[in-house]
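Down below is the structure, laid out as structure tokens.
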2 protein chains.
Amino acid sequence: MAVTLHDVARVAGVSIKTVSNVINNFEHIRPATRAKVLLAIDELGYRPNLSARSLRSGRSGVIGLVVPEFSLSYFAELADAVIKAAERHGQVVQIEQTNGDRARELEVLSSPRIQFSDGVLFSPLGMSNDDADALTVPYPLVLLGERIFGGPVDHVTMRNVEAARAATEHLIATGRRRIAVVGAHEGEIIGSAGLRLRGYREALEAAGIPFDPDIIVNTTLWHRSNGATAMRELLATGAQFDAVFGLNDTLALGAMRALQEAGLRVPHDVAVIGFDDLDEARYSLPTLTTVDPGRTEIAETAVRVLLERIQGAQPDAAPVEYLANFSIVERESTAIS
Amino acid sequence: MAVTLHDVARVAGVSIKTVSNVINNFEHIRPATRAKVLLAIDELGYRPNLSARSLRSGRSGVIGLVVPEFSLSYFAELADAVIKAAERHGQVVQIEQTNGDRARELEVLSSPRIQFSDGVLFSPLGMSNDDADALTVPYPLVLLGERIFGGPVDHVTMRNVEAARAATEHLIATGRRRIAVVGAHEGEIIGSAGLRLRGYREALEAAGIPFDPDIIVNTTLWHRSNGATAMRELLATGAQFDAVFGLNDTLALGAMRALQEAGLRVPHDVAVIGFDDLDEARYSLPTLTTVDPGRTEIAETAVRVLLERIQGAQPDAAPVEYLANFSIVERESTAIS
DNA sequence: TTGAAAGCGCTAACAT
DNA sequence: ATGTTAGCGCTTTCAA
């Protein structure tokens with residue numbers, strides 16, 4: 001059987017409370033007592049039972065992270081940042097993948113699977129603003145991403161419109177006028193695609209460049225393959241363009257690949273910009289100019305905000321929206337040639 | 001306060017045991033009783049307290065996954081596969097990152113942080129065979145990777161030597177004779193680098209090609225940047241070669257990038273092969289020939305083996321070593337030109 | 001088929 | 001500075 005506090009107390013010749021005090025680093029313990037207890041712990045190989053601790057204290061030290069899937073590199077890098085931020089606060093992260101499927105996202109929210117955690121960071125991809133009510137759950141929840149705004153919970157996200165506008169302005173500033181977009185979602189207003197397209201249009205308008213739907217290509221998923229396919233389709237239409245805004249980096253990299261396949265030079269013939277600043281964007285050929293959306297800041301803020309809710313200083317405080325700072329990372333794919 | 005079994009029992013007018021039976025899907029419950037209970041659960045919004053359940057039953061339904069970090073794409077894709085496999089068995093995955101740091105790896109093994117889980121999948125990068133004793137822990141542990149062999153626990157890994165040999169043979173079969181290696185670890189015998197280099201040497205020997213240390217480049221970490229840097233160094237030495245074996249895909253992609261930067265054409269001047277079959281290898285320019293090391297099979301086997309140990313049918317069964325099947329995925333980077 | 005009661009290992013309130 | 005004790009919510013004998 002497992003070694004318990006009682007065993008340690010017996011061997012150390014103290015009470016169970018004293019052992020608990022030592023384990024939890026309480027003050028006011030005589031050094032000699034502490035030493036005795038530590039010796040007994042070591043001798044018996046005692047390890048606290050976290051289930052019991054959690055049952056009693058109502059706190060598990062675990063936070064849940066619900067994301068679409070790690071094969072989307074953005075979420076792998078986000079998870080990396082969240083785990084590191086959580087660790088700094090002594091928290092462990094439990095992960096649930098939804099594949100961006102709305103039904104699964106809704107199900108996970110009420111599933112007991114997530115119930116070990118003290119709170120959840122939730123990054124939906126399939127749910128929309130209409131589902132905002134489902135975010136009212138009996139545990140602390142912090143929303144990530146840009147599928148739902150104005151919901152009943154704290155929300156940490158990026159400046160999609162402004163960042164996309166800045167990305168487009170960067171292309172315009174380097175002399176491009178016919179800027180294709182890869183990854184749009186027809187009719188979407190809220191959501192990464194809709195917001196980023198809005199930023200794009202704002203930049204065009206400010207520069208007096210007409211919007212041309214013929215160089216906007218839709219894709220459903222934002223995988224590399226979709227970016228390549230979309231670009232091949234666009235090239236097949238014979239449309240003219242001198243730049244491409246990939247609504248994320250994987251799309252941009254896929255599109256860049258298709259451009260080069262077709263014998264076009266990047267950035268000489270066509271400039272390419274992405275969005276996300278994946279590690280990978282630094283090692284493509286050419287290296288990819290992109291938007292750093294503040295992923296680390298998002299992860300750190302989200303963890304901090306969630307822990308504040310868990311600690312419950314102000315349980316009824318109104319939901320807050322946090323926006324991370326972005327920056328344009330200039331690389332070769334948009335250099336002036 | 002949270003709704004408990006007692007509340008449900010009271011509202012449903014049955015005993016707590018009956019409620020428990022319904023929740024755990026026991027047989028022999030009168031449909032009417034079940035309906036009453038389900039109604040009460042719904043009405044009160046009851047959700048089971050997993051800490052209590054776990055304390056009582058000794059099983060949490062959580063498995064731990066300890067990996068270096070997700071910014072190494074291989075581990076992101078491995079985690080994806082593990083989470084999906086665990087889900088099929090109704091298990092949740094808790095993740096711990098070690099950054100491949102030996103001290104942290106050793107620490108995690110004995111940390112209470114991991115103690116919520118019923119068992120752990122452990123993928124070290126810093127530990128070596130000398131640390132095998134540290135794997136003797138008081139919970140089920142399944143070892144992944146190729147840092148430790150013959151340890152005291154079940155081990156699921158890939159056929160490194162055979163796969164690397166097959167990769168090298170593929171290059172030789174396409175007419176290459178001077179095959180550089182990127183990512184070697186000087187003097188390593190066990191470990192991905194050591195094993196893969198051994199497979200490489202076996203293939204050379206079988207083909208009667210002399211081994212030339214001048215075209216073997218060491219790198220510590222296997223990030224894209226290291227592959228690019230290593231290749232630039234190799235080019236700077238003036239050494240001649242007509243192919244590159246990147247000991248993983250990110251190294252190969254980085255190396256390919258440096259080759260192209262230097263004006264060399266892939267595969268025309270230099271063929272490139274990687275190892276891992278990352279999603280990304282399908283969308284580079286040119287697409288990357290690589291080894292599929294059986295990642296999905298590894299994840300599924302590891303989860304299955306761990307759960308068998310947790311269920312403890314044969315607690316004292318001798319440790320087993322499982323080897324996944326590999327295959328060469330031929331793409332453009334090694335096409336005959 | 002359902003009920004009563006014990007107790008998993010721990011923390012926290014209270015006592016000394 | 002340390003000891004005593006109740007009880008977190010659940011599963012699990014054992015009884016009925």
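Chain identifiers are assigned alphabetically (A, B, ...) following the order of the sequence lines, protein sequences preceding nucleic acid strands; residue numbering begins at 1 within each chain.
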For A/Q97 and A/F70 the tightest heavy-atom approach is OE1-N, 2.9 Å
In this structure, how many angstroms lie between the P atom of C/dC10 and the CZ atom of A/R10, rounded?
13 Å
For the CZ atom of B/R10 and the CG atom of B/L5, what is their distance to the nearest 0.5 Å?
12.0 Å
Using atom CZ of B/F116 as one end and atom P of C/dC10 as the other, report the distance to the nearest whole Å.
12 Å
From CG of B/L55 over to C1' of C/dA6, roughly how many Å is that when rounded to an integer?
13 Å
Return the angle between end axes of the helix from C/dT1-D/dA16 to C/dT16-D/dA1, with five pairs used per end and rounding to 10°.
30°
Are A/E300 and A/K84 ion-paired here, with the side-chain N under 4.0 Å from a carboxylate O?
no
Looking at A/E297 and A/R304, is any side-chain nitrogen of the basic one under 4.0 Å from a carboxylate oxygen of the acidic one?
no
With rounding to the nearest 0.5 Å, note down the distance linking CD1 in A/I23 to CZ in A/R53.
6.5 Å
Give B/T33 one of three labels, base, sugar-phosphate or nothing, depending on what nucleic acid heavy atoms sit under 4.0 Å from its own.
sugar-phosphate
Contacts of A/Y322 meeting ring-ring contact (aromatic ring centres under 6.0 Å, His included) (sequence neighbours excluded), chain-then-number -> none
We want to know whether B/S51 and A/S54 form a side-chain donor-acceptor pair, criterion being a heavy-atom distance below 3.5 angstrom.
yes
Close side-chain approach of A/V120 and A/L306, heavy atoms under 4.5 Å
no
Short side-chain N/O contact to C/dT2 OP1/OP2 from B/T18, under 4.0 Å
no
Assign A/S54 to base, sugar-phosphate, or nothing according to its heavy-atom contacts below 4.0 angstrom with the strands shown.
nothing
Strictly under 4.0 angstrom, non-hydrogen atoms only: write out the protein contact profile of nucleotides 10-15 of chain D, one letter per nucleotide from the 5' end, B, S or -.
BBBB--
